[in-house]
Amino acid sequence: MIHPSEQLAQLGQDFHRRGWALGTSGNFSAVIDRDPLRLAITASSLDKSRLSPDQILEVGADGTPVGTQQGKPSAETLLHIAIVRVAGAGAVLHTHSVWSTILSDYHLGHGGFFIEGYEMLKGLEGVRTHEHREWIPILENSQDMPSLALETERMLKENPAIHGFLIRRHGMYTWGKDLAEAARHVEILEFLLESVGRRQMMEPQY
Ligand SMILES: [Zn+2]
């Protein structure tokens with residue numbers, strides 16, 4: 001397969017330009033091999049406006065670097081590995097948009113919220129109608145990545161049909177069978193989150 005470094009770097013720059021991964025926020029990965037697991041993932045603390053292919057590292061199933069590339073993998077590597085394992089994802093993308101940050105705070109008390117009735121839902125894999133109800137779970141934020149990864153695994157097992165989730169006052173995770181599908185899910189979910197958020201500002205009970 002083509003090594004995903006180039007595509008991951010381009011996605012990072014694109015997401016920065018669209019306000020979904022400002023500064024050093026966000027991280028992106030793609031599966032290179034499943035057995036044993038090898039993942040290409042962005043290095044930690046990089047400005048996403050200048051992300052380049054040589055800043056993409058390779059990690060193994062425990063999240064430690066395995067390739068020749070120098071650098072420290074993203075702090076959130078264990079979450080990417082949890083999603084690859086439990087959801088069977090081929091690529092995982094994590095953004096820090098304004099709308100995911102606001103909505104993850106507003107709806108935390110209910111553990112998440114539904115998005116339903118929007119035509120754009122049909123951009124999510126397997127969804128055929130705007131009448132689909134998409135549950136968006138929210139996890140409390142933490143800097144303890146091993147425990148947040150365990151929490152992510154538990155939540156994914158409880159919600160096998162979801163396409164993404166939020167972390168409170170932090171951002172969104174989504175994934176796909178490959179990078180193209182995962183990138184489409186970012187676009188679709190970011191559109192839906194912004195639509196729901198703006199609608200709620202007009203009518204808070206919405
Ligand atoms: Zn993050």
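All ligand and atom numbering here is 1-based and tracks the order in the structure.
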Practice item. Would you mind checking if E125 and R184 are paired as a salt bridge, meaning a charged N to carboxylate O distance below 4.0 Å? Key: yes
**Study point:** Ring geometry between H80 and H94 (parallel below 30°, tilted from 30 to 60°, perpendicular above 60°)
**Key:** perpendicular
Exercise for review: Output the distance between atom CZ (R169) and atom OG (S104), rounded to the nearest 0.5 Å.
Suggested key: 8.5 Å
Check your understanding: Can you list every pair that meets ring-ring contact (aromatic ring centres under 6.0 Å, His included) and has a residue in residues 20-65, with sequence neighbours left out?
Key -> F15-W20, F15-F28
Revision key, fill the gap. When every non-hydrogen atom of A89 is compared with those of V31, the smallest separation belongs to O-CG2, 3.6 Å
Point to revise | Minimum-distance pair of heavy atoms, taken over all atoms of S147 and S142 | key: OG-OG, 4.3 Å
Check your understanding: Counting no waters, what protein N/O/S atoms lie under 2.8 Å from the Zn ion (ligand 1)?
Key -> E76 OE2, H94 NE2, H96 NE2, H170 NE2
